[in-house]
Amino acid sequence: MALVKMKEILTMAEKENYGVGAFSVANMEMVIGAIQTAEELRSPLILQIAEVRLGPSPLHLIGPMMVEAAKRASVPVAVHFDHGETEEKIKEALEIGFTSVMFDGSLLPIEQNIAETKKIVELASKYDATVEGEIGRVGGSEDGLVDIEIAITSVENAKQFAEETGVDALAIAIGNAHGVYKGKPELRLDRLKEIDDVTDIPLVLHGGSGIYQKDFRKAIQSGIRKINVATSTFNNVIKNVNDNVPFDNYFIYHDKVIQAAAENVRVHMEMFQSANRI
Ligand code: 13P
């Protein structure tokens, strides 16, 4: 069990037709909470942190903790570097022992995105690590600081990108957005199906917070294997702490953070049908 390549987890999910949650963490309590739920539910888990989140959670501190926690888990856990922007940080994550990295070139013109992604595929191969790329533009932004307009992934671009880069997993834009959805999330499941028909790698859905269970289920039926969840974990932590922590006991706060992260991971693992797979 323990620390595994993300590709292994996604291959298992592909065989049995379920989705795997990739849960963003910002501190030790969230790491503990996510692993606790994965072990209780006997579900594979992807633990991740994005490059834009390294200000509050420096990679040289949180990275080794994520890897060590994964190694000690009794279920398979992949440790993933989300939305990598620079080769320097991606390399640092690989050196620490992350088993998967994403290069996000989605704001670049496709030819440049392909060229830059290929460099990361080559780099990651030296570490035997999995690579995720992105084509099309997911809405919102990972840190909520800019509001990127959604650009639905074209079928041709997805096919070309997958074939030319050699990535192991492909993030696509089908109406999904990071952060809290402004209205009802409307996924282009028709486009997802078309992309799945012309690519043969696992597909990734970013912006998992706020998508309805019925849409997750349909997306999984059409080839989504990895689903990223961040905002709902962070918000559940704030809520649980605000509602339940008295002023003068830090360790109640500590427990509430773990509990809230664990709870949100549970809700999503159940929706993704990844429980009882191990
Ligand atoms: P949410 O914050 O909307 O859950 O999105 C997470 C994500 O896609 C991380 O890459």
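We count residues from 1, following the sequence as given. Just follow the structure's listing: the first ligand is 1, and inside any ligand the first atom is 1. The basis for the numbers below is simple: all heavy atoms, side chains too, and nothing from hydrogens, waters or symmetry mates.
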For a distance cut-off of 3.5 Å, show me each N or O of ligand 1 paired with any protein N or O, plus the separation.
residue, atom, partner, partner atom, Å
ligand 1, 2 (O), T231, N, 2.9
ligand 1, 2 (O), T231, OG1, 2.5
ligand 1, 3 (O), G179, N, 3.0
ligand 1, 4 (O), S209, N, 3.1
ligand 1, 4 (O), S209, OG, 2.6
ligand 1, 4 (O), A230, N, 2.8
ligand 1, 4 (O), T231, N, 3.4
ligand 1, 5 (O), G207, N, 3.3
ligand 1, 8 (O), H178, NE2, 3.2
ligand 1, 8 (O), H206, ND1, 3.4
ligand 1, 8 (O), G207, N, 2.8
ligand 1, 10 (O), D82, OD1, 3.4
ligand 1, 10 (O), D82, OD2, 2.6
ligand 1, 10 (O), H83, NE2, 3.1
ligand 1, 10 (O), E142, OE1, 3.1
ligand 1, 10 (O), H206, ND1, 3.1
ligand 1, 10 (O), N228, ND2, 3.0

Aromatic plane relationship, F23 with F272 - under 30° parallel, 30 to 60° tilted, over 60° perpendicular: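 Plane angle under 30°, so parallel.
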
Partners passing side chain to side chain contact (heavy atoms under 4.5 Å, CB included) against L61 (at least two apart in sequence or in another chain):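 With neighbours one apart ignored, the set is P58.
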
Option from K226, R225, E134 for which side chain to side chain contact (heavy atoms under 4.5 Å, CB included) with V204 holds: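 That would be K226; it is the only one of K226, R225, E134 passing the side chain to side chain contact (heavy atoms under 4.5 Å, CB included) with V204.
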
Contact list for residues 55-68, test side chain to side chain donor-acceptor pair (under 3.5 Å), sequence neighbours left out: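 Every pair satisfying side chain to side chain donor-acceptor pair (under 3.5 Å) with a residue in residues 55-68: E68-R72.
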
Results of ring pair (Phe, Tyr, Trp, His ring centres under 6.0 Å) for Y212 - residues two or more places apart only: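 Partners of Y212 by the ring pair (Phe, Tyr, Trp, His ring centres under 6.0 Å) criterion come out as none, since no residue qualifies.
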
No-hydrogen, no-angle side-chain donor-acceptor test under 3.5 Å, T117 and N113: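 Yes, side-chain donor-acceptor contact under 3.5 Å.
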
